[in-house]
Amino acid sequence: MSAKIAEVAIPISIALNEQFDYSVPDSLQPSVDVGCRVLVPFRSSVILGYVVKLKNRSSFESKLRPIIKNLDPVPILDKDLLALAYKIHNDYFCSLADAIQVVVPSGLRKIGKSMPLTEGSLIQDIPFFEFTKEELTLLAQKELEKPVILIHDLSNEKRWMVYSALIKKTLNSKRSVIFLVPDHQKINPSLNFLRLNIKPYMISSRVKAQDSLKTWMAIKTADLSFVVGTRSAVFAPVNNLGLIVLEEEEHFAYRQDQVPHYHAAKIAFHKAQKSKAKAVLGSFMPSLDSYVLSKEKTAGYLKFESNRERVPTRIIDMHQEYRFKGREKIISKILEHRIADVLERKEKLLLFINKKGFSTFLYCQKCKKIQACPRCSSSLVYHFKEKVVSCPTCQYKIPTLEICPQCQSSYVKYSGFGLEKVESEILRLFPSVKIFTYNTGKTQTSTYDIMLATQKLLEDPYWGHYSFDTVGVLACEQMLGHVDFRSTEKAFARLMKLLFLTKGEMYLQTQIVENDALNFLSKYDPMGFLKHELSERKELHLPPVTQVATLMVRSKDQKKAYVAARTYYKRLKRILEKPISEKGRLGQRFFRILEPVASIPLKVRGNYRYLIFIKYNKLDSIRKTLRSIMEERKRGVIATFDPSVL
């Protein structure tokens with residue numbers, strides 16, 4: 001006998017208990033099953049939901065409304081996908097519906113006509129591969145026998161040969177492969193580097209919803225698949241999974257900013273472990289988290305050195321530079337002389353500054369107010385070429401400010417510098433120089449003398465193909481001074497890439513000369529940096545030694561947000577007053593909660609945000625309280641929880 005009641009997960013909010021009971025009409029009972037999408041009435045509208053359970057009893061049986069329509073003759077969520085959704089729901093403190101929305105492709109998340117979920121029309125032709133001698137030598141290494149493998153590739157080339165060999169071996173054994181890249185623009189270049197001559201199943205947010213649905217169904221029904229895509233491709237419903245690769249495993253794009261705050265690497269580890277598959281993490285400069293896995297012998301470790309000659313690195317103290325009438329110095333005298341020398345010899349020069357715009361800080365000299373975005377609390381940035389002032393956090397943009405909005409005076413001062421101001425300064429010093437400003441999608445000219453670039457250059461799939469006689473990095477403190485415990489690690493990785501592009505000499509301009517990242521870079525000691533950074537994290541009880549979670553409380557009303565944050569902090573603190581070890585040593589139970597602090601920026605898109613940081617190695621003792629906090633419906637206040645700040 002078919003079940004008469006369906007429990008349906010509905011994506012209506014970020015609360016954790018959004019499952020509702022609906023009656024199953026007799027006409028739908030044969031087809032409605034666990035894993036199906038259904039249309040159900042909710043309040044005065046019709047909404048899409050997912051059947052997660054069938055039953056014959058409900059506490060609200062007399063009040064149940066019927067399911068309107070079943071969209072799937074065959075359930076889209078099989079047992080494995082639903083189990084993964086439940087795991088995301090439990091681990092990342094989100095609603096079950098939100099977890100399901102992450103697991104399924106975009107084409108299945110919208111209300112529409114019933115879709116015939118039959119076999120996909122896309123068929124992959126996967127040949128049997130032969131191996132080169134070099135590939136066979138690589139595959140014979142013992143480190144590749146471990147279930148998790150870290151590839152530290154300072155050559156920026158050899159990891160691709162390892163990837164290719166492992167993919168060939170896996171596909172030859174009739175097991176599927178998922179290959180992840182951090183950005184859609186890197187999919188085709190990655191296929192070129194792999195040289196497999198297979199047309200992959202492609203999964204990315206850039207793929208049209210209908211096409212992503214066809215691809216998803218083709219993967220689901222194929223015995224053997226080769227999938228390439230961005231973060232969401234980790235959920236591809238492949239059969240016989242044998243290998244998952246994360247290229248540029250340290251990249252921030254593998255972590256979802258919105259609820260649920262999952263990280264693709266953790267999902268990949270879970271899927272690989274369940275399928276007895278390999279997980280491979282590859283990078284030019286690995287994250288500290290991955291380094292710890294290799295250090296603890298949890299992961300195999302392969303390191304490839306660069307075959308390029310090491311170049312001298314010079315650190316320039318900008319405090320020693322003379323400032324005419326207190327004006328900020330953009331180009332030091334040492335670097336200015338070097339630029340003149342490079343131009344005379346007709347060599348190539350790169351100047352790297354990690355800020356866009358002309359002026360990065362605007363304030364009124366009369367009322368002393370910083371000019372900030374009205375929707376966010378981020379400082380506005382002036383763009384000279386567009387003649388606009390914009391917010392770096394949201395899309396807010398207005399014409400150039402001439403009068404202070406607060407006191408109506410004309411004393412607005414523009415200070416700080418970004419890429420445009422550097423260009424202006426170079427043209428002042430060297431009027432006849434040819435400058436190329438790097439921008440994605442912009443055609444490069446080979447006739448430039450100096451290239452100006454931000455981090456976008458290092459996001460280029462072919463960044464390693466560039467080469468410069470001299471590289472100058474301006475305002476290194478902009479990268480090192482972020483309120484982020486990983487800022488030093490990220491800055492070091494960027495600087496290592498820039499050093500790789502240098503043939504002659506590298507100049508680092510900074511106001512913080514005594515910095516560990518800069519000193520280890522000047523000695524070309526990446527392993528020394530990783531060891532030092534790990535010791536610092538141990539001392540401060542920061543990841544990867546412990547976990548750091550954030551409970552974010554936000555509201556349009558600043559006072560409401562702060563009061564709610566204080567209330568939640570006290571509730572969590574009361575639990576911690578019970579005896580718990582706070583020695584903080586690895587392997588012991590460790591727990592520490594910090595008082596609410598204003599987020600940086602405090603205001604984003606009209607919402608004021610306060611954070612409660614929680615250091616822990618197990619959340620068991622407060623899991624129940626955290627769930628109850630997020631299930632509360634305080635008027636005008638929203639609380640979200642990120643269990644692992646990566």
Side-chain angles (χ1 to χ4, degrees), residues 14 16 86-95 99 252 254-267 269-270 273 287-293 295-296 298 483-489 533-554 564-600 609-632 638-646:
I14 57 173
L16 303 179
Y86 269 107
K87 177 177 174 58
I88 293 169
H89 162 64
N90 290 322
D91 291 356
Y92 295 96
F93 292 80
C94 65
S95 71
F252 66 89
Y254 285 125
R255 180 181 179 274
Q256 178 156 286
D257 285 336
Q258 299 174 332
V259 175
H261 298 284
Y262 74 90
H263 195 284
K266 292 192 175 182
I267 303 296
F269 291 154
H270 170 75
Q273 186 178 23
S287 65
L288 196 60
D289 300 70
S290 300
Y291 167 71
V292 168
L293 289 178
K295 191 171 180 290
E296 294 175 348
T298 306
V483 186
D484 173 10
F485 66 87
R486 296 186 191 275
S487 62
T488 304
E489 178 187 347
E533 186 70 8
L534 182 59
S535 69
E536 296 270 301
R537 302 275 183 90
K538 282 181 179 178
E539 189 174 337
L540 296 170
H541 305 306
L542 290 170
V545 180
T546 60
Q547 295 296 315
V548 174
T550 55
L551 178 64
M552 177 184 283
V553 183
R554 68 181 191 268
R566 291 293 310 176
T567 302
Y568 295 150
Y569 166 75
K570 288 174 183 177
R571 279 173 62 179
L572 294 168
K573 192 71 175 174
R574 277 197 296 270
I575 298 171
L576 292 182
E577 288 173 358
K578 298 173 183 178
I580 289 180
S581 168
E582 288 206 5
K583 293 180 182 178
R585 294 210 314 267
L586 212 57
Q588 288 186 325
R589 193 177 183 191
F590 173 76
F591 209 101
R592 189 169 296 160
I593 184 168
L594 307 180
E595 293 203 13
V597 293
S599 179
I600 299 177
R609 310 176 305 162
Y610 286 88
L611 300 174
I612 300 170
F613 287 96
I614 303 167
K615 296 182 181 181
Y616 72 97
N617 58 12
K618 287 186 179 179
L619 276 176
D620 298 347
S621 57
I622 63 164
R623 186 175 288 274
K624 188 176 178 180
T625 305
L626 285 169
R627 287 192 175 279
S628 69
I629 286 171
M630 262 145 335
E631 288 172 8
E632 285 181 6
I638 297 172
T640 57
F641 185 70
D642 182 353
S644 185
V645 181
L646 287 169

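These numbers were taken from a predicted model, which means no experiment stands behind them.
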List the steps, then state whether side-chain hydrogen bond (donor to acceptor under 3.5 Å, both in side chains) holds for Arg554 with Ser599.
CA-CA 10 Å; Arg554 68 181 191 268; Ser599 179; over 6 Å; no
Cation-pi between Arg627 and Phe93: NZ/CZ under 6.0 Å from ring centre and within 45° of the ring axis?
yes
Does His89 use its side chain to pair, donor to acceptor, with the backbone of Ala99 at less than 3.5 Å?
no
Is the ring pair Tyr92/Tyr262 parallel, tilted or perpendicular, if the boundaries are 30 and 60 degrees?
perpendicular
Atom OH in Tyr616, atom CD1 in Ile622: separation rounded to 0.5 Å?
9.0 Å
Close side-chain approach of Ile593 to Phe613, heavy-atom, < 4.5 Å
no
Is there a side-chain contact between Thr640 and Cys94, using heavy atoms and a 4.5 Å cut-off?
no
So CZ of Phe641 and CD1 of Ile614: to nearest 0.5 Å the spacing works out to 4.5 Å
Please answer whether the main-chain N or O of Lys266 pairs with a side-chain N or O of His270 as donor and acceptor at a distance below 3.5 Å.
no
In sequence, state the C-alpha distance, the side-chain angles, and the governing distance for Gln256 and His261, and then conclude on side chain to side chain contact (heavy atoms under 4.5 Å, CB included).
CA-CA 5 Å; Gln256 178 156 286; His261 298 284; 5.8 Å; no
What I'd like to find out is whether the side chain of Gln547 reaches to under 4.5 Å of the side chain of Asn617, using heavy atoms alone.
no
N/O donor-acceptor pair under 3.5 Å between Glu489 side chain and Leu288 backbone
yes
Side-chain contact test, heavy atoms from C-beta onward, threshold under 4.5 Å: evaluate it for Tyr568 versus Ile612 and give yes or no.
yes
Spell out, as yes or no, whether a donor-acceptor pair under 3.5 Å connects the side chain of Arg592 to the backbone of His541.
no
Donor-acceptor pair, Glu536 side chain versus Leu540 backbone, under 3.5 Å?
no
Between Glu595 and Arg566 (salt bridge meaning N to carboxylate O under 4.0 Å), is one present in this structure?
yes
Please test Ile575 against Thr625 for side chain to side chain contact (heavy atoms under 4.5 Å, CB included), starting from the C-alpha separation and ending with a verdict.
CA-CA 9 Å; Ile575 298 171; Thr625 305; 2.8 Å; yes
So, for Ala639 and Met630, which heavy atoms are closest and what is the spacing to 0.1 Å?
O-CG, 3.1 Å
Output for pair (Ile629 CD1, Lys624 NZ), nearest 0.5 Å, gives 13.0 Å
Please examine the side chains of Leu611 and Pro596, heavy atoms only from C-beta on, and report whether any two atoms are closer than 4.5 Å.
no
For the pair Asp91 and Tyr86, evaluate side chain to side chain contact (heavy atoms under 4.5 Å, CB included) and give the outcome as yes or no after the intermediate values.
CA-CA 9 Å; Asp91 291 356; Tyr86 269 107; over 6 Å; no
Can you list the steps and then say if Ile267 with Ile88 is a side chain to side chain contact (heavy atoms under 4.5 Å, CB included)?
CA-CA 9 Å; Ile267 303 296; Ile88 293 169; 4.2 Å; yes
Any heavy-atom pair between the side chains of Leu572 and Leu551 that's under 4.5 Å?
yes
Under 3.5 Å, is there a donor-acceptor pair between the Ser290 and Ser287 side chains?
yes
Should Arg486 and Asp289 count as an ion pair when the cut-off is N to O under 4.0 Å?
yes
Taken to the nearest 0.5 Å, the spacing of Tyr569 OH from Arg574 CZ works out to 11.5 Å
